[in-house]
Amino acid sequence: MGAVRCAVVGVGQTHHTSCRADVSIAGLVREAADRALADAGMTMDDIDAVVIGKAPDMLEGVMMPELWLAEALAAAGKPVFRVHTAGSVGGSTAIVAAQHVMSGVHKRVLAVAFEKQSDGNAMWALSVPVPFSMPVHAGAGGYFAPHVRAYIRRSEAPGYIGAMVAVKDRTNACANPYAHLHEPDWTLEAAMESPMLWDPIRFVETCPSSDGAAALVIAAEDVADALPGPKAWIRATSMRSEPTMFAGRNQVSPQAGKDCSAELWRKAGITDPLREVDVAEIYVPFSWFEPMWLENLGFAERNEGWRLVEDGVTDLRGGSLPINPSGGVLSSNPIGASGMIRFGEAAMQVMGNAGDHQVDGARTAVGHAYGGGSQFFAMWVVGAEKP
Amino acid sequence: MRDVAVVASAHSAVSATTDTPIELLIPVINEALANAGLERREVDFWCHGSCDYLVGQPFSFVSAVDALGAWPPIVESHVEMDGAWALYEAWIKIQTGEADTALVFGNGKSSVADMFRVMALQLDPYVEAPLGTDQIALAGLQARMALDAGVITERDMAEVAARSRRDALANPVALVSGEVSVDDLLAADKVRDPLRAHDIPAMGDGVTAVVIAAGDRARSLASRPAWIRAIDHRIDAQRIGGRDLIGVPSAVAAAERCGVGGDRIDVAEIHAPFTHEELLVGRALGIDAATTRINPSGGALVSNVLMAAGLARIARAAETVLDGTADRVIGHATQGPCLQQNLVCVMEGA
């Protein structure tokens, strides 16, 4: 049997910022959900099931918060399902929600993801010393800096590539009213002077800590066909996992990411991703991950990803494959929601709803998320046309 | 819908161990695969249920991938829920046609902290959690309401405990078992009025792993697969003072969606860490204790491995089909304070 065709018919997100002191966690989540429902022309009465994702519960200090949030989402009496796959969770949550529809079990599913970093201390929560485990006492930047260093060494990329990505994403974010950081004045020269945080990662090359939430309404083909608005048809989804560490593991371009994207292209019928994909929202919490993931995803050959950056291929204006026109994770990072924002922004592009950061004529878009020690991957391809 | 069945399972539980979660996982996953006659590389999809708060560590599930032999990389997902919901996700995945086989598992280590206090961190963080109630106090409030409403009696609760401990004699991973008289149980002091020690679960460290498969694949892996005829889960609003604690509406709704009211049920494994919960869920599901064998494994009361105990109920119910002693069974799982969220899985041998 084949899976039921489905589409994203509504996308919503909050304004992301350092501290949403004006809302509780429940209010934050509800804000994104309400916007996605309004975008779809639906209310919670229309929704069959809710799939919620977020990164570690310790970031806010509420254990399995979806239990408490069910009431705020008006989901009492419905199925509520909670996904947690580390940093990739926002993407995984969208995929699990889509599978609830693809399976034929439900017709209309609401996917929600969030993080309210200001309610806790992510750096502390990510650095808990645990017996028998490798300590990572400097948060994610300290963990990933060696991967970036290894990439620069082996690809012989010029040192300014990371700064180029940072300037691009921070500039793109100025066209996105929901982005956390609106910093229009960055130049390459200024970026190269930005303080070094985790050598070789500079301050400007690092994502912020954000409060924020995102939501998607995913509907089965017959429901989507009856709706008047634009849709983002889900052409393919893919997930892969591998262990955090073992001898010989390629941490710069993990096999799980390669396998995941290879399956994604195969399922979507895409043979030349660089030519056939119009825009991609990929998970870049540190700017150097843009060229790294361009290679891992198959948009560029090994050690050649940085050339796409240098040649302006990934620019919003004039590039043939704009990457992160929303400003990306580098401009807004509500951790658990960041993957879903990528998936939702990809949908907005093919729906023609991306406003000032719309890529002209976008028909095929990719959403990408990764998590853990670059070991969990979640991806989808959405298109303006029904597959 | 595709026909999907439970084909094999395995369990472990001890009161306390210094083994790491990975060391606990490996033998149980191996045993479940061996029971199914399945190689690791033949598992199309893996799904895990666990909870960071039990371990006291963010991303605690990440290291569990090491127990799966995830090289080359695997298709895998994780739910911050009881393993029963990992089984639900795997069932969904198989329905999409993207997988034919799945291994699902849930694991928890209860010995590392006072889990009754930890579990109360599931409450509304602004209004209810700061009150400092623990899980036993919440269960006591629910039991008191049911007692005062005349829905259950303290003797009913003690009978659940006596029956569970007796059945546990045949369960090698039960943490408490024995022949006890109801009168002796009722003679004991109350721990937290109206709860006595026998009303409160024996907490364990351990794992449950289950293999499910579709159609002919299931038939090739088990001589009598436990076919999942219906599976559904629902949630109630959490606020303790704002919901029907006696009627458990989300369990009623899930049972209705599964068509439980129809044919006879031979066995019901009800996920009820507290004695009164078994009675309330039994009412909600419409189980007739005269014709349905309830919790022949002894249930979560005698072996409460957090995040695995719900999946274990589905597995234990399925095992009675797999071994030919039952034809139509129910596995039930719950999570959240006072039976907030409920999953019902109906399985049949033919």
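Reminder, nothing fancy here: chain letters follow the sequence lines and each chain counts from 1.
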Mark yes or no for whether [X], through its side chain, and [Y], through its backbone, hold a donor-acceptor pair below 3.5 Å.
X       : Y       : result
D44(B)  : A102(B) : no
D48(A)  : K107(A) : yes
D82(B)  : G310(B) : yes
W46(B)  : F105(B) : no
D205(B) : S110(B) : yes
Q335(B) : L67(A)  : no
R235(A) : A268(A) : yes
S250(B) : G77(A)  : no
Q142(B) : L245(B) : yes

Report task. Please confirm whether W91(B) and Y88(B) have ring centers closer than 6.0 angstrom. Result ->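 Yes, the ring centres sit under 6.0 Å apart.
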Check each atom of [X] against the heavy atoms of chain B and say whether the ones under 4.5 Å are side chain, backbone, both or neither.
X       : answer
P65(A)  : neither
S238(A) : neither
D259(A) : side chain
A70(A)  : side chain
F377(A) : neither
Q375(A) : side chain
K54(A)  : neither
L59(A)  : neither

**Report entry** For chain A, the option from E128(B), Q341(B), H48(B) that forms the most heavy-atom pairs under 4.5 Å
**Finding:**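 Counting heavy-atom pairs under 4.5 Å, the top option is Q341(B).
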Query raised in the report: In terms of heavy-atom pairs under 4.5 Å with chain A, which of D52(B), I92(B), L123(B) leads?
Result: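 Of the candidates given, the most pairs with chain A belong to I92(B).
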For [X], is it the side chain, the backbone, both, or neither that has a heavy atom closer than 4.5 Å to a heavy atom of chain A?
X       : value
V252(B) : neither
E98(B)  : side chain
F59(B)  : both
R243(B) : neither
Q340(B) : side chain

Query - Test applied, side chain to side chain contact (heavy atoms under 4.5 Å, CB included); reference residue, L24(B); option that passes from D19(B), N107(B), I29(B) - result: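 Of D19(B), N107(B), I29(B), side chain to side chain contact (heavy atoms under 4.5 Å, CB included) with L24(B) is met by D19(B) alone.
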Requested in this report: Could you verify whether a donor N or O on one side chain and an acceptor N or O on the other, from S77(B) and E89(B), lie under 3.5 Å apart?
Outcome: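 S77(B) vs E89(B): donor-acceptor pair found between side chains.
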Query - Pairwise distance NZ(K109(B)) to OG1(T17(B)) - rounded to 0.5 angstrom - result: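 Going from the NZ atom of K109(B) to the OG1 atom of T17(B) covers 5.5 Å.
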Kindly give the heavy-atom pair with the smallest separation between [X] and [Y], and that separation in Å.
X       : Y       : result
P254(A) : W293(A) : CD-CZ3, 3.9 Å
M115(B) : V112(B) : CE-CG2, 3.7 Å
P285(A) : Y283(A) : CD-O, 3.4 Å

Which one wins on heavy-atom pair count under 4.5 Å against chain B: [options]?
options                           : result
V96(A), T244(A), I95(A)           : V96(A)
H100(A), K267(A), R249(A), E66(A) : H100(A)
Q99(A), M239(A), E263(A)          : Q99(A)
G61(A), A55(A), G104(A), S92(A)   : G61(A)

Requested in this report: Answer yes or no: are there more than 12 heavy-atom neighbours, outside R117(B) itself, under 6.0 Å from its atom CZ?
Outcome: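 Open: at most 12 neighbouring heavy atoms sit under 6.0 Å from CZ of R117(B).
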Query raised in the report: If you draw a 6.0 Å radius around CZ in R257(B), do more than 12 non-hydrogen atoms from other residues or ligands fall strictly inside?
Result: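 No, not enclosed.
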Report task. Sort by residue number and list every member of residues 81-89 of chain A having a non-hydrogen atom under 4.5 Å from chain B. Result ->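 Residues of residues 81-89 of chain A touching chain B at under 4.5 Å: F81(A), R82(A), V83(A), H84(A), T85(A), A86(A), G87(A).
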Report task. Evaluate the ring-ring contact (aromatic ring centres under 6.0 Å, His included) criterion for residues Y370(A) and F144(A): first the C-alpha distance (whole Å), next the side-chain angles of each, then the deciding distance (0.1 Å), finally the verdict. Result -> CA-CA 13 Å; Y370(A) 85 100; F144(A) 290 115; 5.8 Å; yes
Requested in this report: Please list, in residue-number order, every residue in residues 62-70 of chain B that has a heavy atom less than 4.5 Å from any heavy atom of chain A; write 'none' if there are none.
Outcome: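 At a heavy-atom separation under 4.5 Å, chain A is reached by V62(B), V65(B), D66(B), A70(B).
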